[in-house]
Every structure is written in C-alpha cells, then in structure tokens.
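Here the structure is laid out as structure tokens; the discussion comes afterwards.
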Number of protein chains: 2
Amino acid sequence: MALRVVGALRDDIVTMALKPGDVISESDIAGRYGVSRQPVREAFIRLAQQGLLLIRPKRATVVKKISPEGVRQSRFIRESIEVEIIRRVASHPGEAKAVLGELIAEQEAASNANDSRRFHTLDELFHRTLARLAGVEYAWQLIDDHKMQLDRVRYLTLGVSSSQVAISEHKAIAAAVADGDVAGAEAAMRSHLARAEVLLTQTIDDHPDYFE
Amino acid sequence: MALRVVGALRDDIVTMALKPGDVISESDIAGRYGVSRQPVREAFIRLAQQGLLLIRPKRATVVKKISPEGVRQSRFIRESIEVEIIRRVASHPGEAKAVLGELIAEQEAASNANDSRRFHTLDELFHRTLARLAGVEYAWQLIDDHKMQLDRVRYLTLGVSSSQVAISEHKAIAAAVADGDVAGAEAAMRSHLARAEVLLTQTIDDHPDYFE
DNA sequence: TCCGCTAATCTTGTATGGTAGATGCATTCT
DNA sequence: AGAATGCATCTACCATACAAGATTAGCGGA
C-alpha cells in the first residue's frame, strides 16, 4: 500500500498536479487514499529522500520548490556521465549503429504523428540504450532519479518540444558513434544536453513561484 | 531518534560491524537502542533506499551483500564526475594551487604520523575540495552516497593503505591543475581512481562471502 | 528412517492513540 | 490602539496493538 502511495504522489508531483509549495499533511493524503497515516508517512520519507518533498518536523510537509542550483548540478551530473558513456560507445561501436538507427527512425515516426508523449518515451529510451551499450545501465537509474527534477521543468514546457531539433541532434550523435569519432560524439552529446539550459531560464521567468 | 538510528546503523555497516548477509530485525535493533519499532523501521527504509539494506517483506531485513557489478558502476559514476570536475578546475585554476598544496602538506603530515584515520579524512576532503572549486559541491554528495559501497570494500583492506602512493598521485593532479594542463589532470585523476580496481578483485578473493 | 502436514513463532506491514512542538488567532493588559 | 501573552489547533513523531504472510520446528504416519 505504501508503495502505491509513493507512485501516486510521485506522479502527481512530476506532472505538476501537486505544485511546488503545496502543503500535504499525512492525515490529508491518508484520507484521500483511504489508508492509515503510517504508510503515508513512509511514503513521505521515501519522497523526501528523493528530493521531491520537504518534511519540516512538527510544522508541515510541502512539495519542494525547484532549486535552480539543484537543476544546474543535476545537469552537470548527467552531462558528466553521459559524456563518459558516449565515449565508451564510440570507442567500441559494435551493434550501436543498427540499434540507434532503428530508434531514431521510430522517433521520426512519432514526431510526424505529433505524438509528443511517445516521443518523450523514445527520447528517454535513446539515452538509456546508450547506457546499456556502454555496459552501465545501472548508472542510468541514477540519472533517472535526478532527472525527476528536470522532468518537472520539462513538464512546464510541454508542447514547445522541438522534436525535430532533438532528432537531428540524435542523428549527429549516432553518426559520430558509427564513425568511431570519440571527440565528435562527445561534442555532439554536450551540445544536445546544453539545449536544456535555455529551457530552464525561460521556465523560471514563466513560473517564478515554483522556484526558490 | 530515527536519525540517530540511521547514523548508528550506517556506521556499523560501513565499518563492517554489521557484515553483509547479517539479518537485523526491527525488533532486534529497537531493543538494542531502547526505542520503539517505528523509528527503526523508518531508518531501515532510508538505508534500504541507499542500497545498504535489503528489506524482504514479511521475511526479514538483511545487510545487503556487496555487488561487484554495483561497485564497478559506482566507480564509473565517480570517475565520470570527478573527471569532469578536474577538467573544470584545471581550466580555471584560480586559488586551486594554494588550497590543494596545503591539503597535500597535511596529508603528508598525517602519513608520517601513521594516522591512517586522519589520512582517510584528508583524502576525502581533497576530492570534496575539488568539487567545491568546480562549483558543484552538491554533486559530491551524490558521490558520497555511492561511495559507501566502496568504503565497505576499503574498510576490508585497511592497513594496506599505501598512503605514499596516494599522496604522489595527489601531487601529480595538483601539479597538472596548477599548470592548467587539462588533459594531464584528467589522465592523472583517472589513474588515481583506477587504483581501486585491484583492491576490489583482491578483496573479493579474501572475503567471497561478503559479495554476491 | 524418511516424508508430509500442522501449528507455533518468527518477520514486516498497517492501524490507532497519545505526545511534544510550532503556528496563528483571540483575548487581555498596558 | 497596540503589543504581548495565553490558548486552541494544527503538525510530525513515537509507542503500542493487531494483522497477515513466511519460515521452521515438531509431531505423526507410512
């Protein structure tokens, strides 16, 4: 039961159904889901450790506001790891060319069909596949945890998804990998990830009350 | 109270007072610390999320065995981030030379005094300082979480600490940073971190029952 | 002797009652 | 009227009791 509450709350937070700054008491959520306070409390602890909630003892529990500095450093972590991944893959391409090419084709299909949700899934799969090809799929789970912060930002900018740009960048990455061009692949990956920077500053301007 | 239990248990696990595979029920720990089961339970949840415990519902809670694959990928994560850090620092040395030099001097003092515990602290401080100089101190917290797995291995190999080797490697890193030699600093950092690899394989041979 | 079933006894999970602390409002005193 | 103080009412925290599943020991039968 506790795990169900965790999942439900995490979804609500990432999709902005629960907005940064909202206060959610144990009793409140417990009543809403028809369970006791105990499972809710444990769910709060898990989510607090993931950086989504802020438990203020004897005071209240609030949905953590997005920390621009935290997002910046999450990007740093992600870029560090993904750069290292792309180096490894480019050094030993192996089956990379075929696998990546197929994924990009699916992305183009989703983009042409204007299915932004599926494109988002495929985009994530593209990066996770690179991790798998590098033999460090577990490391992606780490990125995934920290990506939740970025996902909250991304959700605020839905619709402006310039999927065409992303696809062309994916192509550049895949091409460099196929050629075994390590430096080129690294550069392509860096510029691909750098695009999120402008999204952040723009989002802060649009929703200043969601940030601290 | 719960936080105190978390700290105590984490120390016991990292220092191998609680060995991988040991079963520790909530009631057991609760009685040992003179508290109720509830705070202990919450401590278990936190430690399980950090990968130190494995909660098997309705069965038992055990100290997680060390996963060689997990250690390997933790090393990958650490190397990825620390390489990126050292690049940034080497690109903009600033006050790095003075600060690092002072730290290394303290390390030599600790090494000459055979104070391995203090050396360990200074070694960790060296790397955290690099993160601070790169402006990503928060990222170090992430490494710190994953470093617990490595620390368990390290604790098994205490005494063999070749602190002299570590110091010379630190010097090589600091020298490259002071010269603004980005590639050299990266190479020095990689070889410094690579030393842990042999420790792992050796430790697995010495204590096979601690690993999965 | 060996196999199988049952029941006692572990474990974690959940529900509920009570406690201490923090906040905000209302009342009271200056 | 303004400010300070006391109180009602929130909150998360802890302790206890109960529930449900899993393991194991012991007993009985073949």
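Throughout, a chain's letter reflects where its sequence line sits, starting with A, and its residues are numbered from 1. These numbers were taken from a predicted model, which means no experiment stands behind them.
- Between B:R190 and B:E82 there is no salt bridge, since none of the side-chain N atoms of the basic residue sits less than 4.0 Å from a carboxylate O of the acidic one.
- The separation between A:R4 atom CZ and C:dG13 atom C1' is 15 Å, rounded to whole Å.
- Taking atom CD on B:Q38 and atom C1' on C:dT12, their separation rounds to 11 Å, with Å as the unit.
- Rounded to whole angstrom, the span from the CE atom of B:M1 across to the P atom of C:dT19 amounts to 19 Å.
- In this structure, the separation between OG on B:S36 and CE on B:M1 is 11.0 Å, given to the nearest 0.5 Å.
- Using a 4.0 Å cut-off between a side-chain N of Lys or Arg and a carboxylate O of Asp or Glu, A:E106 and A:R118 qualify as a salt bridge.
- Within the 4.0 Å cut-off from OP1 or OP2 of C:dT12, not a single side-chain nitrogen or oxygen of B:R37 is found.
- Between the C1' atom of D:dA12 and the CD1 atom of A:I45 lies a distance of 10 Å, rounded to the nearest Å.
- Using a 4.5 Å heavy-atom cutoff, the side chains of A:Q38 and A:E26 are not in contact.
- Applying a 4.0 Å cut-off to non-hydrogen atoms, the residues of residues 49-65 of chain B that approach DNA chain D are B:K58, B:R59, listed by residue number.
- Computed from coordinates, the B:F44 CZ to C:dG13 P distance equals 10 Å when rounded to whole Å.
- Taking both residues in full, the closest heavy atoms of A:Y155 and A:T15 are given as CE2-O, 3.1 Å, listed atom of the first, atom of the second, then distance.
- Closest of all the heavy-atom pairs between A:Q50 and A:Q149 is O-NE2, 4.0 Å.
- Ring pair A:F126/A:H170 is parallel by interplanar angle, where below 30° counts as parallel and above 60° as perpendicular.
- Comment: B:E124 engages B:K147 in a salt bridge, judged by a side-chain N to carboxylate O separation of less than 4.0 angstrom.
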>> Is there a side-chain hydrogen bond (donor to acceptor under 3.5 Å, both in side chains) between A:S191 and A:E169? Walk through the geometry before answering.
In response: CA-CA 8 Å; A:S191 73; A:E169 289 168 348; 5.2 Å; no
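- When rounded to the nearest whole Å, the span between OH of A:Y33 and P of C:dT14 equals 15 Å.
- Residues of residues 17-30 of chain A that place a heavy atom closer than 4.0 Å to DNA chain D, in numerical order, are A:I24, A:S25, A:E26.
- Taking only side-chain nitrogens and oxygens, A:R41 comes nearer than 4.0 Å to OP1 or OP2 of D:dC13.
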